[in-house]
A.B. asks: 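Here it is, the structure in full.
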Amino acid sequence: MVRVKLSSGEEGSFNSGITVRETIEALNPTLLKDALAAKVNGVLVDLSYPLDADAFVEPVTFDSKEGREVFWHSSAHIMAAAVKRIFPSVKVTIGPPIETGFYYDFDFERSFTPEDLEKIEEEMARIVEEDHSFERMELSKEEAYRLFKDLGETYKLEILDEIEDDTVSLYKTGDFVDLCRGPHIPSTGYVKAFKLTSVAGAYWRGDERNKMLQRIYGVSFPTSKQLRSYLNFLEEAKKRDHRKLGKELKLFLIEEEVGPGLVIWLPKGATVRRVIEDYWKEKHEKAGYKLIYTPHVGKAQLWETSGHLSFYKENMFPEMKIENVSYYVKPMNCPFHIHVYKSELRSYRDLPIRLAELGTVYRYEKSGVLHGLLRVRGFTQDDAHIFCREDQVEDEIKNTVQFAIEMLGDFGFKDLNIYISTKPEKAIGTDEMWEVATGSLIKAVEALGLEYSIEEGEGAFYGPKIDITINDAIGREWQCSTVQFDFNLPERFDLNYRDSDGSEKRPYMIHRALLGSLERFFGVLIEHYAGNFPVWLAPIQARVMSITDDQVEYALDVAEKLKSEGIRAEADVRNEKIGYKIRAAEVEKIPYMVVVGKREMEEGKVSVRRKGKGQVGSLAVDELINMIREEIETKRTEV
RNA sequence: GCUGGCGUAGCUCAGCUGGUAGAGCAGCUGAUUUGUAAUCAGCAGGUCGGGGGUUCGAAUCCCUCCGCCAGCUCCA
């Protein structure tokens with residue numbers, strides 16, 4: 001007999017060997033409807049798993065991450081089964097679940113076409129219809145080896161070679177057998193809705209020296225309604241694409257003749273950037289930073305000392321020679337900031353020293369990784385370096401993290417995630433330094449009462465770091481802030497300060513960027529707001545439109561008045577119908593549309609229409625000014 | 001960088017199997033004087049990504065380079 005307790009509370013005793021499914025069915029049958037798999041004493045298993053000891057059973061559904069992974073993993077099997085049916089000569093490799101959906105890598109003599117995908121989808125539908133169960137089989141390694149050898153599945157043999165256990169598990173669905181740890185959903189019929197989304201090349205085991213395989217991506221859901229809403233999400237993301245909006249709204253340009261990954265900020269984008277920069281500079285001065293400017297190039301010697309030429313050279317633009325001396329365009333600002341630190345003898349009383357710069361750097365990025373504003377070759381970091389004593393580390397980190405959160409909040413990003421990366425295997429610096437630094441990161445976020453997760457061993461070789469990502473309006477995560485300790489550069493440049501006891505000490509150096517880079521941040525802003533910037537950031541805040549030629553002068557006057565109040569306003573006095581002008585303003589996503597006709601002119605008023613809200617009504621010009629200014633000053637993000 | 005797809009007017013796109021380019025929007029000119037998401041008409045606009053080749057003839061076929069897109073690998 002075994003005692004079983006369900007996570008929903010029910011308990012019962014059963015004969016040993018009873019399956020998980022049967023226990024759920026007996027104790028709480030309603031749970032069975034959505035259950036895909038189950039956790040038995042914390043271990044994920046199939047519903048067909050036989051119990052031979054007392055167990056705590058938690059049904060796993062699509063609502064949990066684990067459930068989705070099981071579901072998508074099983075979907076990948078179904079896809080592989082379909083591909084094998086249609087193209088028996090393909091070799092299968094691996095097919096894991098991913099964040100949303102799944103993929104499976106195949107070795108095939110040609111690449112798959114969109115037509116192939118359709119055929120595969122049809123075959124998958126058939127397999128789902130046939131409702132094969134996922135049968136688990138346990139074989140000895142030798143038996144499995146023979147089986148896959150007979151099937152000609154050489155990649156599976158390679159995987160088998162790496163498995164240390166003597167027995168391995170296989171799953172069989174219909175005529176398709178795959179080496180797999182499991183668990184799986186009970187049968188193929190559970191996958192009610194799916195779609196293959198794309199094909200792409202991928203290296204076997206992600207190593208570019210290996211053979212390129214054909215990867216097919218897909219998503220699947222227990223109901224077609226869920227699939228539809230996911231496809232809607234993709235549509236929505238497409239509409240927000242900053243590359244598309246950047247062109248439509250004339251924000252920026254990336255021109256072939258200028259060079260890939262090099263951004264030209266058009267007047268409207270440049271306006272947004274200027275507002276961001278002004279705000280950023282003001283905030284930094286208030287927070288005790290000193291703003292500096294440094295050159296775009298530096299002598300090779302500088303990069304030798306900093307170590308960049310030994311560990312970062314492949315990301316740098318190549319050497320240039322002037323009067324027989326080598327120079328490099330800067331990929332980072334730190335060496336220059338260090339020279340600011342070194343320009344004076346520093347006392348313990350001088351610390352912390354916080355140096356900030358909107359520093360433009362250039363990095364060689366492989367052509368294939370460039371992506372709009374999000375991944376470019378020339379960009380401006382909102383960079384700063386903090387030099388401090390050990391007893392100041394904790395406060396500095398805490399203040400920096402708080403500063404980042406406050407700043408991101410002003411841009412409308414309130415939903416954040418925090419990751420702390422700890423010491424990697426290969427690292428420099430003493431254990432004590434790592435402990436102090438890592439501890440200060442953890443203490444800082446805990447003191448601020450924030451949730452965080454630890455990324456074990458993900459820190460840079462020169463120090464631990466804390467990354468802050470934001471979740472945008474449609475739930476996507478973007479990397480922005482990073483706060484990193486650097487144990488390397490103070491050593492290399494021999495930084496020090498005179499302590500109170502007269503001894504020389506090495507300062508702690510913290511590297512941080514809050515927005516990340518202006519280019520990327522701008523890209524994220526565009527996507528988050530779908531081009532509808534909050535008024536304080538909008539390139540054009542108000543457009544005054546005349547109804548007939550009789551109001552041209554009045555319209556120009558109103559626009560002038562707004563401008564004199566610091567509002568970015570302009571007038572549209574073209575000889576066009578008001579509907580045309582409104583439409584133009586709507587398309588350009590201008591927040592305030594100010595209509596003036598005969599009535600308004602006579603009363604000295606304006607008719608206001610707010611984008612995203614509609615008609616506001618007739619207002620005096622001063623009332624409009626107050627309304628817009630209030631929205632600017634509070635940096636309001638909601639319409 | 002690798003794999004696959006793509007590159008036609010400022011923008012969005014059409015142009016079947018080769019027969020020296022077309023639409024809408026934007027622009028310009030004119031008419032119209034208009035009340036909250038497109039008034040009408042006319043005009044102008046392209047070495048079809050660059051170079052080479054096949055052909056009587058290439059936007060269309062081949063080669064090569066460049067760029068873009070989706071991934072892979074890597075990241076602010």
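In this text the structure is predicted, and so the values were computed from the model without any measurement. A, B, ... follow the sequence lines: proteins, then strands. Residue 1 opens every chain.
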A.B. asks: Paired with B/C74: which nucleotide, if any, by Watson-Crick or G-U wobble criteria at under 3.5 Å for both distances?
C.D. replies: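 For B/C74, the partner nucleotide comes out as none, under the 3.5 Å rule.
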A.B. asks: Rounded to whole angstroms, how far apart are CD on A/E256 and P on B/C65?
C.D. replies: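 For the pair A/E256 CD and B/C65 P, the rounded distance is 15 Å.
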A.B. asks: Give A/R243 one of three labels, base, sugar-phosphate or nothing, depending on what nucleic acid heavy atoms sit under 4.0 Å from its own.
C.D. replies: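 It contacts sugar-phosphate atoms only.
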A.B. asks: What does A/G579 touch in the nucleic acid at a heavy-atom separation under 4.0 angstrom: a base, only the sugar-phosphate, or nothing?
C.D. replies: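 The residue A/G579 makes sugar-phosphate contact but no base contact.
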A.B. asks: Under a 3.5 Å cut-off for both contacts, is B/C13 paired Watson-Crick or G-U wobble with anything, and if yes, with which nucleotide?
C.D. replies: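 Partner of B/C13: B/G22.
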A.B. asks: Any salt bridge linking A/E396 with A/R354? Criterion: basic side-chain nitrogen under 4.0 Å from a carboxylate oxygen.
C.D. replies: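 A salt bridge links A/E396 with A/R354.
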A.B. asks: To the nearest angstrom, how far is A/Q551 atom CD from B/G35 atom C1'?
C.D. replies: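 Going from A/Q551 (CD) to B/G35 (C1'), I get 9 Å.
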A.B. asks: Sticking with atom C1', work out how far B/G50 lies from B/A59, rounded to a whole angstrom.
C.D. replies: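 Taking atom C1' in both B/G50 and B/A59, they lie 14 Å apart.
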A.B. asks: Is the aromatic ring of A/F379 within stacking range of B/A76, meaning centres under 5.5 angstrom and planes under 30 degrees?
C.D. replies: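 Here A/F379 meets both the 5.5 Å and the 30° conditions.
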A.B. asks: Any side-chain N or O of A/R609 below 4.0 angstrom from OP1/OP2 of B/A37?
C.D. replies: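 Yes, A/R609 has a side-chain N/O under 4.0 Å of OP1/OP2 on B/A37.
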A.B. asks: With a non-hydrogen cut-off below 4.0 angstrom, is A/F521 in contact with a base, only sugar-phosphate, or nothing?
C.D. replies: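 If one applies the 4.0 Å heavy-atom cut-off, A/F521 turns out to touch nothing in the nucleic acid.
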A.B. asks: Quick check on the 6.0 Å ring-centre criterion: do A/F522 and A/W265 meet it?
C.D. replies: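 Aromatic pair counts; centres sit under 6.0 Å.
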A.B. asks: Let's test this: given Watson-Crick or G-U wobble pairing with both distances under 3.5 Å, identify the partner of B/G7.
C.D. replies: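 Matched B/G7 with B/C66 under the 3.5 Å cut-off.
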A.B. asks: In the structure shown, which nucleotide is the Watson-Crick or G-U wobble counterpart of B/U54, with both distances under 3.5 Å?
C.D. replies: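 Base partner found: none.
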A.B. asks: Do the side chain of A/K426 and the main chain of A/F461 share a donor and acceptor less than 3.5 angstrom apart?
C.D. replies: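 Absent.
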A.B. asks: Just to be sure I understand the rule, does A/K598 reach a base, reach only the sugar-phosphate, or reach nothing, if contact means heavy atoms closer than 4.0 Å?
C.D. replies: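 Base: the residue A/K598, judged by heavy atoms under 4.0 Å, touches a nucleobase.
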A.B. asks: Verify the contact: side-chain N or O of A/K250 to OP1 or OP2 of B/G10, cut-off strictly under 4.0 Å; return yes or no.
C.D. replies: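 Answer no for this pair, as no side-chain N or O of A/K250 is under 4.0 Å from OP1 or OP2.
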A.B. asks: Establish, yes or no, whether the cationic atom of A/R610 lies under 6.0 Å from the six-membered ring centre of A/Y592 and within 45° of the ring axis.
C.D. replies: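 Geometry flag: set, cation within 6.0 Å and 45°.
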A.B. asks: So if I apply the salt bridge (Lys or Arg N to Asp or Glu O under 4.0 Å) rule between A/E357 and each of A/R512, A/K330, A/K281, which one comes out positive?
C.D. replies: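 Exactly one option meets the salt bridge (Lys or Arg N to Asp or Glu O under 4.0 Å) with A/E357, and it is A/K330.
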